[in-house]
Every structure is written in C-alpha cells, then in structure tokens.
Amino acid sequence: MITGPNYRFSVITDYLIRIEWSNEGQFEEHFTYFAQNRNFTTPTTVEVYHNRQAHLIEIETVGFHLYYDGGEFSATTLWIDAKYGYEPYFSRWLFGQEPVGGNLFGTARTLDEADGEIDLEKGIISRHGYALIDDTTTNILFDNQELGPENCDQVDLYYFAYGRQYQLAVQDYFKLSGPSPILPRYALGNWWSRYYAYTQDEYQALFERFEQERLPFSVAVIDMDWHLTDIPANEGSGWTGYTWQPVLFPQHERLLNWLHQKGLKVTLNIHPAAGIRSFEAAYPQVAKRLGLDITGKEPAVFNIKDPQFRRSYFEDVHHPLENEGIDFWWIDWQQDRYFDTTDFDILKALNHYHYLDNQRRNNGSGLILSRYAGPGSHRYPLGFSGDTWISWASLKFQPYFTATASNIGYSWWSHDIGGHMIGEYDPELQTRWLQYGVFSPINRLHSSDNPFSGKEPWRYPIENRQVMGDFLRLRHQLIPYLDSENIKTHLWGTPLVQPIYYHYPDMETYYYYRDEYFFGSQLLVSAIVEPQDQQLQQAKATTWIPEGTWYDFFTHQKYIGEQQINLYRPITQYPVLVKQGGIVPMTSTVQQDLEQLPEVITIQIFGCYTNEYSLYEHQGTKIAKTTFQLTADGQLTISVDDPEQIVPVGRSYTLALLDCDKLKVNNQTAHGVIIEQQFKAPTLAEQSYQALQAMQIAYELKRQIYDFIRANANDPVKIINFINTKNNPALTDFFSSLVAQA
C-alpha cells in the first residue's frame with residue numbers, strides 16, 4: 001500500500017491495483033458487495049518512485065505504470081499506462097475518463113422485452129489490455145453478513161491491466177470478488193417453467209405426461225399464479241403474494257410431496273415489493289412480530305433493509321412455505337422505480353439475503369433464481385435473464401450474451417429457453433432454441449400465459465417433437481460433465497461458457513465468431529441461430545475451427561483446424577465439436593434423481609491424443625475427483641481421489657472410443673472397465689445421399705450430384721468444380737462444407 005493524507009494505492013497483483021480517495025482520510029476496510037478479498041500473494045515486480053520527474057508518486061509493475069502528481073484526483077493529476085502495444089499509440093487511462101475502446105463487455109441486468117441485441121455493461125478484460133471496475137457506490141458487507149451503507153471512499157476503483165491474459169484476469173477477478181459457489185446437481189438438469197394458471201391436477205398431469213414421454217426434468221417451477229391474485233381492491237395489486245390459491249391448489253402439500261417423490265425440486269415465483277398484507281396466511285405472525293395494528297389491517301411494508309422486517313420476511317413467511325416443500329425461490333424483482341434506492345440496492349440485498357438463507361437451510365448448498373445486480377452477483381446463482389421476445393433475433397443474441405457474461409465472472413445465466421412473449425408459432429425456432437438450451441448453463445424452458453405458446457414438445461410436429469425429446473434426454477446424460485465443470489468453476493475460476501478468444505487471444509480471427517463458444521473444457525459449440533435454407537433443408541453455423549483435429553460430437557465427422565467452415569446441420573443435429581483426445585463423461589441412461597451419483601459412467605474418448613481430464617463429482621460439500629490420463633499411443637490411466645467416499649461402491653466405466661482402436665487401460669481390472677467402439681462417421685457418399693434425400697431440388701439433379709460424388713469421392717476439388725457448373729450458390733456452399741472434412 002502507498003498511502004497519503006487522502007489517497008491510497010494498493011497493488012494487489014502485478015496486474016491489478018486499487019485506487020482510493022477519501023476526503024476524511026478514512027479508507028474503506030470492509031468487504032463490499034463486489035470485493036471480498038484484497039490480499040493476494042505479494043506482487044513480485046512492484047517499483048515505487050517518489051518525486052521523480054515532477055511526479056509525486058510513480059508505481060510500476062510488469063503490467064502498468066501509474067503516475068500521480070498530488071492533489072485531488074483528476075485527469076491532470078492521475079493516469080496509468082498499461083504496458084501493452086494493443087492501441088495504435090499507447091494504452092493510457094486518465095482518471096475520470098472512460099478507457100479508450102477495446103472492452104469486451106460483461107453482461108446486463110435484464111433482457112426484459114428484448115428482441116435481439118441490447119447494450120451491455122463493461123467487463124474486466126479488454127483488447128487494449130486494461131479495464132476498470134468502479135466500486136465507489138457499492139454497499140459494504142459487515143462480518144456478520146449484514147449489507148451495510150455505501151462505501152465510505154469517494155473514489156474506489158480497481159484497475160485491471162492483464163493485457164490479453166484473459167483467463168488469468170477472470171481467475172483473479174474471482175479471487176478478488178469471491179468464488180462462484182458450486183451449484184446443486186439438480187440445477188443442471190432440465191427445468192419446466194411457464195407463466196400459466198395451472199390447477200393442481202393439471203400440473204400433476206403435465207409431469208405424468210412428461211414421464212410417459214420419457215422427458216426428464218429436475219426442477220418444477222410454478223409461476224406467480226400459485227398465490228392469491230384476486231385480492232380486495234383496497235389491498236392493492238395481486239402481483240405480490242405468499243398464500244396458496246386454494247381454488248387452483250386445494251391440496252398443495254400433496255402436490256409438492258408427489259413432485260419430490262418424482263425426484264423434482266420445486267421453486268415458486270415471488271414479487272416482494274408490496275410487502276405482507278392482511279389477507280396473507282402468514283399475516284398474524286408477521287403482525288405480532290412487527291407490532292402491527294391487526295384490527296386496522298396495517299400492512300408490513302416491504303423494507304429488506306430493516307433487520308426486523310427481514311427476520312419476519314424469512315421466518316414467518318418463507319420458511320413455513322419451505323417446510324411444506326419449496327426448495328428455493330425465484331425472486332422476480334423489477335420494482336426499483338417505486339422505491340428510493342439511494343445508497344441501497346434492493347436487488348443486491350434480496351439476492352444476498354435470500355441466497356444466504358437458502359444456503360443455511362440446505363447444508364451449504366444454496367440456490368436462488370434472480371436478476372443480475374452488478375459485479376459480485378456471481379456469488380448468488382442463478383441469474384434470471386428476463387422476458388425476451390420469441391424471435392430468431394433473441395436466439396441469435398443469447399450465445400454471445402452468455403459467453404460475454406464470463407468477462408464479469410457471471411457463469412450461470414438462466415434464459416427463458418424458447419422465449420417468453422410475442423412471437424409466433426415456429427417449430428424450427430423452438431427446436432434450435434432448445435438445442436442451444438442444452439448447451440447453455442441452465443436449460444429452463446419457459447413461456448408466457450398465452451395458451452398457445454407452451455414449450456411442451458408434443459405441441460410441435462412429430463420430427464421436431466422427437467428431436468426435442470432426444471435433446472432433453474441428452475441434457476440429463478451430460479450431468480457428469482456439467483457438474484464436473486460446475487465444480488471447476490468454483491475451484492479454479494474457469495467459467496463454463498467461454499468466448500473462443502479466451503484460448504486464442506492474439507489471433508484477430510477469433511473475436512468475430514460471436515455464436516461460437518467453449519462449453520466446459522472439452523466441447524466447442526457453434527450455435528445455430530438462423531433458419532434453415534429451404535432448398536437445402538439444413539441450417540448452417542459459420543464456424544472457425546481452431547488449430548488441431550476436431551470431431552463432431554454427434555456425427556463424428558472429422559475436421560482439421562485453422563479454417564472457417566459453414567457447418568450445415570439438419571434439424572436432428574447440432575454443431576458441437578470435440579478436440580482430438582477429448583474426454584466427455586456421460587451417463588448411459590437418463591437419470592431422474594440427479595442428486596444421486598451414477599453407478600455407471602460412459603467416458604467418450606474422441607481419438608487417441610495426449611490429454612488429461614479430471615471428472616469432479618460432489619454431494620453437498622463433499623468432492624471426489626477421478627482423473628483420466630490419455631497418451632497419444634493409446635495408454636489410459638484412471639485414478640480416483642475420493643477422501644469422503646461419495647463415489648458409488650462398484651462404480652464402473654464404459655469407454656466409448658472413436659479413432660482409438662488399440663486403447664490399453666493400465667489399471668482396467670481395478671475399475672470395472674468395459675470398452676466399446678463408437679460408430680465412424682458415414683462416408684462422403686453416404687452423407688451426400690442423406691443430405692440430397694431431403695433437399696428440395698430436382699430428382700435428376702440429385703442423381704447427377706450423387707453419382708459424381710460416388711465416382712470422385714477422393715477428389716474434393718473435382719467435386720466442387722462439378723457443383724459449380726450447376727450455378728446454385730447454396731449447393732456450392734453446402735458441398736464445400738461437406739468435402740472440407742478430413
């Protein structure tokens with residue numbers, strides 16, 4: 001720390017410095033909603049100079065050079081040069097000014113009513129090498145976890161100068177702001193959600209139908225009509241409520257017990273703004289605790305800042321509902337405009353107190369669903385992104401929006417998969433959106449109260465319905481992989497969804513593929529966000545294949561990297577790639593109760609190549625690790641580190657191999673290993689036949705193309721030259737993609 005009468009500079013790492021100004025000379029020592037840990041390993045490259053070249057102070061590290069000339073902070077007294085040549089001239093930030101461009105953005109509070117792109121807040125990484133977080137107006141956190149007043153500093157900035165060490169910047173962000181908690185396993189499965197006035201019988205019948213159709217779900221969401229909405233006019237709006245609606249749910253506890261028996265967790269939607277009023281079942285207890293006038297029906301005005309109200313809010317209102325069977329809460333706060341939020345952010349407080357309360361009542365395994373409240377919000381998962389329009393534009397924005405949120409540590413967005421409102425019936429859009437949902441952090445199907453906009457697969461044509469079912473089942477099979485990456489996010493600060501430029505920061509190309517992202521450590525997804533070509537009957541994802549050899553997760557087609565390819569896929573397939581040597585753990589069957597660790601795990605191995613993959617598993621706070629070490633010559637070693645013995649006794653592994661025919665497991669008998677071979681990708685002629693069969697072109701043209709490809713399967717240039725003679729750009733683009741396989 002370098003401290004003066006009103007200023008303090010704290011070098012946290014060689015790339016991160018805290019900058020404070022206090023008119024009273026009393027600096028903020030408390031944690032804040034954002035900052036939880038300011039003491040890292042001592043920086044190793046710090047040099048401090050006093051009164052050199054007319055500067056009062058200079059602080060220099062390998063990442064930045066700060067100049068301060070004394071007096072109140074201003075653009076003329078304080079500036080920092082980042083030590084990177086990423087800008088045309090040099091990377092200088094002047095106090096009080098926005099950094100000059102280059103920021104790769106973070107996220108936003110909500111997508112409510114968005115029909116496509118919205119503006120995003122700034123993140124902590126930038127192509128120019130430096131970024132800022134302003135913590136000046138954030139509330140402090142006391143040691144007892146009470147959210148206190150606003151930061152006492154008049155200036156409290158964090159300057160990140162990590163260059164293009166993007167992953168290191170995010171990891172240090174998590175160190176500074178606190179780790180992302182481990183999500184309960186059930187949160188990673190499929191969620192059913194709909195704004196709809198279900199009756200108890202209808203809701204149970206719905207999940208019975210899901211069971212009959214073999215459609216797995218792990219979370220049952222009941223939107224706002226679970227509570228009384230038709231209330232006395234003098235009590236205000238029915239938007240806030242905490243009392244079960246007996247007409248719709250005459251025996252709600254029986255329904256909750258039934259859902260739990262089916263392996264489901266249950267969450268209810270709440271809008272807390274109107275407080276607790278006299279018609280609520282909990283009102284007598286609330287009134288007694290708060291000393292309200294029951295005769296005059298005095299309401300308990302919502303005031304999350306008041307500890308006494310907050311105690312009643314949880315103990316008298318929410319805990320009894322939880323005792324009946326509610327597992328966590330969907331906090332749908334949108335009412336800031338009706339409250340004075342000066343010096344106190346109500347959404348921050350709701351997220352903080354609700355998450356801690358749920359965590360305490362669930363042995364450390366907490367969960368909420370709520371809106372983003374700024375930097376630090378990752379400590380209170382999950383994020384509800386809001387009510388989007390049902391449109392291709394909304395779908396197209398979500399992959400970019402989700403990946404970019406990692407730049408502010410916000411890993412766990414839950415979108416309204418399929419969109420919430422407006423829009424029109426579009427089976428293709430719904431199918432592609434659900435496929436994206438399977439390869440997004442949380443797969444929560446949702447829709448508005450329109451009777452025609454539900455996301456039940458049987459509302460759609462048979463082909464779409466079958467595909468939706470297959471992908472919902474796939475999501476539950478991927479739980480071992482998803483949970484492993486979930487734990488890695490907590491332990492190592494590696495977000496589940498990462499923009500591809502995280503791994504290739506100095507390559508210009510990688511910044512322009514906004515629909516493409518890494519999904520965990522092994523999968524590369526290129527989202528389909530536009531309708532199919534009606535002639536080809538396939539949709540495309542413009543994809544940059546990184547260096548190396550890659551396999552399609554579904555079709556096993558093989559690609560050589562460092563090239564752009566338009567990956568065309570029919571409605572039954574989705575572009576997900578695995579690098580050679582990739583290891584993906586799955587379940588062979590679809591689990592319903594996701595809190596139980598599977599006895600049999602299928603380990604998909606995509607080609608023999610050097611790779612080490614650690615499968616993390618957890619129950620509560622207990623963690624086990626199974627490591628798979630693969631060598632290029634086909635040697636596999638499995639080792640288990642399970643100090644608290646949570647891995648099922650008799651756990652066995654099915655190794656599903658692709659292009660790794662001679663694999664040898666060094667300790668096979670110790671782990672009950674079965675080896676199977678995955679199917680090879682179809683030949684070029686077979687793929688061409690399948691694609692041509694569905695195309696809406698002349699039969700004779702189909703036959704000409706198919707015959708020519710069969711005769712010239714080993715000469716891709718000759719094939720494309722032949723396709724070019726048909727003067728059909730769509731056909732040329734499609735077959736150029738097809739012959740680009742290795």
Side-chain angles (χ1 to χ4, degrees), residues 435 439 467 470-471 474 477-478 516 519 522-526 528 532 536-584 586 588 602-609 611 630 632 634 654-663 675-695 702 705-720 723 731 733-742:
Q435 290 170 326
F439 292 97
V467 173
D470 289 342
F471 274 79
L474 173 63
Q477 288 182 275
L478 283 168
E516 187 176 350
F519 189 60
Q522 306 295 297
L523 301 178
L524 176 65
V525 178
S526 189
I528 291 177
Q532 69 181 11
L536 300 176
Q537 290 292 291
Q538 298 205 29
K540 73 176 179 180
T542 300
T543 306
W544 182 263
I545 310 287
E547 48 81 26
T549 300
W550 297 78
Y551 295 90
D552 185 283
F553 178 78
F554 293 99
T555 68
H556 301 162
Q557 292 163 278
K558 187 176 178 180
Y559 301 94
I560 303 300
E562 290 301 315
Q563 61 172 321
Q564 176 183 296
I565 299 179
N566 287 330
L567 296 178
Y568 283 89
R569 295 293 183 266
I571 198 71
T572 56
Q573 298 171 4
Y574 205 68
V576 179
L577 304 180
V578 189
K579 197 169 186 180
Q580 187 178 34
I583 297 172
V584 182
M586 301 173 63
S588 54
T602 297
I603 305 297
Q604 295 202 31
I605 298 177
F606 292 80
C608 284
Y609 200 77
N611 187 22
L630 179 66
T654 298
L655 305 182
L657 310 180
L658 177 66
D659 277 1
C660 198
D661 299 338
K662 298 180 180 179
L663 182 76
I675 296 178
E676 298 177 351
Q677 297 296 330
Q678 298 193 58
F679 67 86
K680 304 279 188 179
T683 66
L684 182 62
E686 290 168 338
Q687 292 179 47
S688 299
Y689 182 87
Q690 293 168 1
L692 286 163
Q693 180 66 55
M695 287 184 188
K702 291 185 182 185
I705 294 173
Y706 179 57
D707 288 345
F708 193 88
I709 288 176
R710 283 200 302 169
N712 299 277
N714 295 320
D715 194 340
V717 174
K718 194 171 183 179
I719 292 172
I720 295 306
I723 300 295
L731 285 176
D733 192 57
F734 174 81
F735 283 101
S736 296
S737 166
L738 208 59
V739 302
Q741 298 171 64

task: Can you see which heavy atom on L567 is nearest to which on P575, and at what distance?
output: CD1-CB, 3.9 Å
message: Between T549 and Y609, is the side chain to side chain contact (heavy atoms under 4.5 Å, CB included) condition met? List the steps.
response: CA-CA 10 Å; T549 300; Y609 200 77; over 6 Å; no
- prompt: Does the side chain of L524 reach to within under 4.5 Å of the side chain of V576, using non-hydrogen atoms?
  reply: no
L663 vs L630, side chain to side chain contact (heavy atoms under 4.5 Å, CB included): CA-CA, chis, key distance, verdict: CA-CA 9 Å; L663 182 76; L630 179 66; 3.7 Å; yes
- prompt: Can you find a side-chain donor-acceptor pair between Y559 and D552 that sits under 3.5 Å?
  reply: no
field: Pair D659-F606, side chain to side chain contact (heavy atoms under 4.5 Å, CB included): steps then yes or no
entry: CA-CA 7 Å; D659 277 1; F606 292 80; over 6 Å; no
- prompt: Does D715 reach the main-chain N or O of K718 with its side chain, forming a donor-acceptor pair under 3.5 Å?
  reply: yes
message: For a quick test of reading the model, state the closest non-hydrogen atom pair linking E562 to E547 and the distance between them.
response: OE2-N, 3.2 Å
- request: For the residue pair I583 and I603, establish whether any side-chain heavy-atom pair is separated by less than 4.5 Å.
  value: yes
- prompt: Can S688 and I705 be said to form a side chain to side chain contact (heavy atoms under 4.5 Å, CB included), step by step?
  reply: CA-CA 9 Å; S688 299; I705 294 173; 5.9 Å; no
- prompt: If every non-hydrogen atom of V467 is compared with every non-hydrogen atom of Q435, which pair is closest and at what distance?
  reply: CG1-NE2, 3.5 Å
message: Could you work out, with side chain to side chain contact (heavy atoms under 4.5 Å, CB included) as the rule, every residue matching A742, not counting sequence neighbours?
response: K558, I560
query: Do Q604 side-chain atoms and V584 backbone N/O form a donor-acceptor pair below 3.5 Å?
result: no
field: Taking every non-hydrogen atom, the tightest pair across N712 and I719
entry: O-CD1, 3.3 Å
message: So F734 and M695, do their side chains get closer than 4.5 Å, heavy atoms only?
response: yes
message: Main chain of Q557, side chain of T555: is a donor-acceptor contact present, judged purely on distance under 3.5 Å?
response: yes
query: Mind checking whether F554 and F471 have parallel, tilted or perpendicular rings, split at 30° and 60°?
result: tilted
task: State whether a side-chain donor-acceptor pair under 3.5 Å links N566 with S737.
output: no
field: Partners passing side chain to side chain contact (heavy atoms under 4.5 Å, CB included) against D661 (at least two apart in sequence or in another chain)
entry: Q677, K680
- prompt: Can you tell me if H556 uses its side chain to pair, donor with acceptor, with the backbone of F679 under 3.5 Å?
  reply: yes
message: In the structure I gave you, are the side-chain heavy atoms of Y568 and D733 within less than 4.5 Å of one another anywhere?
response: yes
query: Are F735 and F708 close enough that their ring centres sit under 6.0 Å apart?
result: no
message: Is it true that, when you exclude F519 itself, more than 12 heavy atoms of the residues, nucleotides or ligands shown sit nearer than 6.0 Å to its CZ?
response: yes
task: Of all the heavy-atom pairs spanning A656 and T602, show the shortest one and how long it is.
output: CB-CG2, 4.1 Å
- request: State whether a side-chain donor-acceptor pair under 3.5 Å links Q538 with Q573.
  value: no
